[in-house]
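Just so it is clear, the structure is predicted and the values come from calculations on it, not from any experiment.
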Amino acid sequence: MDAVTVVTSVLNLIAGVGIFLIACSMMSSNLESLGNRRLKALFAKTSKSKLAGVGVGAATTALIQSSSATTVMVIGFVNAGIMTLTQAATVIFGANIGTTITGQLVALGMFGGNSVSTSVVFASLAGVGAFILVFAKKDKFRKAGGILAGFGMLFVGLSMMSGAMNYFSELESVKNFLASFRNPLLLVLVGALLTAVVQSSSVMTSMTLTMVVSGLISLDQGIYLTMGANIGTCVTALMAGLTSTRNAKRTALIHLIFNVSGVVVFLLLGLFLRLGGIDYGWLFAKMFPHAPQIQLSMFHTFFNVLTVFVVLPLTGILAKFVTKIVPDKVSDGKKADEPHFFYVEEHMLKNPPIAVQQAKREIMNMAEIALKNFDISTEIVCTLNYEKEGLFRRQERQLDYLNRELAKFIVRLMKSELSEKDRVYLSTAFRTITDLERVGDYAENIVEYADRLKETETAFSETAKKEIAELKELIHVLFDQVMKAYENGDLQALKNAYEAEEKIDGFTSRMAENNICRLGEGACTPEVGSQYLSLSLNIERIADHYINVAKTIKSY
């Protein structure tokens, strides 16, 4: 065998792995975008039962073809407080079942014999998908084309890997080297390490399938490498958990413990089998004769399904165990006061449709914080009681943080593959964030008016305070309609918001007139009247900024 052939085969192997990785990424991103609503509907069902959580995890992973992506999503939801630790655990269990679909598809593509290979038939879909991508005008069809192209490219990459493996299977030196890896524990470690490097258990499993089919390694070796891949795939989740909340760290730890415990159980079971003179390879070769690809893919499915049903009844115990390993700390209360995201976290950028949804939740949360500060400011100016000023200042810092950091997150998110609707929505989000930050600024102005009243030892009259309370109620009515319109794209709620804003404009005009009357009657001083007029104008501006938030729905 000459050096040129060796180098060519190595390059073919690298190219095959690269194409396979790109194909996985294409399928994942396009399926996520196309199935965004389904994903949200699926995750909403996790609270029903443990089996429902497993089903959701399996279905989501089968849909987006990435257990790592599902796990990162789950960690994001736990981080945001949307999902409990127990719910997250069951979804992660299901994700391990869903990830076996890729292995089954790859195994199916390896059939052919004397007829046209199924791998070639599937690979041809890359061309079909490419034509759709080039000529389709609608975003939905382009996404479908991307899915088809990615699916076809899976088998193009698989074919290249198989060709390289077939060549290496003819080299005695390579066979002898791989034959030396017989220790199950060593094979598991190699599988885990390689999966951690390529960041995809699907790629590792597919490579192992091609090595088994080409005769480069035995079925038993392939089985232990596949078991190791289950541990290696935890790396992404652990990275996501490191920068998140304690519950998110616990979720990542559950993922690791679950996968490691499954491997440990099967290693011990394999040891007992070898004592009886048999191994996993022999068992599955008997069950599925003359089809090594099916033998390995079926073991992969059997391994994950059995592990889930063994661990599922212990979910509550596992959740308590990781809570003890990563306990709550008293000092966390201080950290909670620091500005932070509530619903968004960096690893969500890997799943753009989910990231868009969570960014929207973060913006709605920002709107509520701004309203809370408005409420505190009106309370302070009417009572001159500064008991809640500390909370007010913390929330103001939170608004400033969200205004700055959420804009950065959205800029990064807009560089991702997004649907046209999501892209238009994000383009409006920048203005929305600014509007909400301005609400906070006007609330600060109102507190400053309270400061001036306190300095001059003056106060608003009871009549003025009553008018402020009525205006505050109108702002709350406006806010409720604005949020309803913004969350659901509700045009009727937008119409109601316009009507509420008109009432606020009319009410502030009457406040100005009443203020002039009180000044004329000597019921208040010019200084107090000036603060009161400024306050009413600031609240009117707050209403304007909230109505701007609702108006954005007309864009998308």
Please work out which of the three classes, parallel, tilted or perpendicular, describes the rings of Phe479 and Tyr546, given edges at 30° and 60°.
-> perpendicular
Validation: residues 519-528 side-chain donor-acceptor distances under 3.5 Å, sequence neighbours left out:
| residue | atom | partner | partner atom | Å |
| --- | --- | --- | --- | --- |
| Thr525 | OG1 | Val528 | N | 3.2 |

So, Asp441 and Arg438, do they make that salt bridge, N to O below 4.0 Å?
-> yes
Backbone N/O of Phe430 and side chain of Thr434: donor-acceptor pair under 3.5 Å | yes
Dump the intermediate steps for side chain to side chain donor-acceptor pair (under 3.5 Å) on Asn373 and Tyr442, then the final yes or no.
-> CA-CA 10 Å; Asn373 259 17; Tyr442 283 120; over 6 Å; no
Partners of Glu462 by salt bridge (charged side-chain N to carboxylate O under 4.0 Å, His left out), sequence neighbours excluded?
-> Lys465
Residues Val477 and Ala500: closest non-hydrogen pair is CG1-CB, 4.4 Å
Nearest-0.5 Å distance that lies between atom CD1 in Ile92 and atom CD1 in Ile254 = 6.5 Å
Please work out which of the three classes, parallel, tilted or perpendicular, describes the rings of Phe135 and Phe131, given edges at 30° and 60°.
-> parallel
Does the cation-pi check pass for Arg397 over Tyr401, that is, NZ or CZ under 6.0 Å from the six-membered ring centre and within 45° of its axis?
-> no
Distance under 6.0 Å and angle within 45° of the ring axis: does Lys360 meet both against Tyr486?
-> yes
Could you tell me the separation between the CD atom of Glu448 and the CD1 atom of Ile380, rounded to the nearest 0.5 Å?
-> 11.5 Å
Do Ile542 and Asn538 have side chains that get closer than 4.5 Å, going by heavy atoms?
-> no
So, does Glu501 use its side chain to make a donor-acceptor pair with the main chain of Asp544 at under 3.5 Å?
-> no
Look at the side chain of Glu362 and the backbone N and O of Tyr343, then say whether any donor-acceptor pair between them is shorter than 3.5 Å.
-> yes
Charged N to carboxylate O below 4.0 Å: is that the case for Glu368 and Lys372?
-> no
Keeping the roles fixed (side chain from Thr100, backbone from Asn96), state whether a donor-acceptor pair exists under 3.5 Å.
-> no
So do the side chains of Val356 and Lys421 get within less than 4.5 Å of each other, counting heavy atoms only?
-> no
Please tell me if the side chains of Lys50 and Phe93 come closer than 4.5 Å, counting only heavy atoms from C-beta onward.
-> no
Nearest non-hydrogen partners of Ile475 and Ala543, listed with the distance | CD1-CB, 3.9 Å
Is a salt bridge present between Asp480 and Lys484, judged by a nitrogen-to-oxygen distance below 4.0 Å?
-> no
Does Asp490 have any salt bridge (charged side-chain N to carboxylate O under 4.0 Å, His left out) partners at least two apart in sequence or in another chain, and if so, which?
-> none
Separation of Asn515 CG from Leu533 CG (nearest 0.5 Å) = 6.0 Å
Could you point out which residue of Thr99, Asn259, Asn304 forms a side-chain hydrogen bond (donor to acceptor under 3.5 Å, both in side chains) with Asn230?
-> Asn304
Looking at CG of Asp375 and CZ of Phe392, how far apart are the two atoms once the value is rounded to the nearest 0.5 Å?
-> 11.0 Å
Between Glu470 and Arg510, is there a salt bridge with N-O shorter than 4.0 Å?
-> no
Does a sphere of radius 6.0 Å around CZ in Arg404 hold more than 12 heavy atoms from other residues, nucleotides or ligands, not counting ones at 6.0 Å or beyond?
-> yes
Is it true that atom NZ of Lys472 has more than 12 heavy atoms of other residues, nucleotides or ligands lying nearer than 6.0 Å?
-> yes
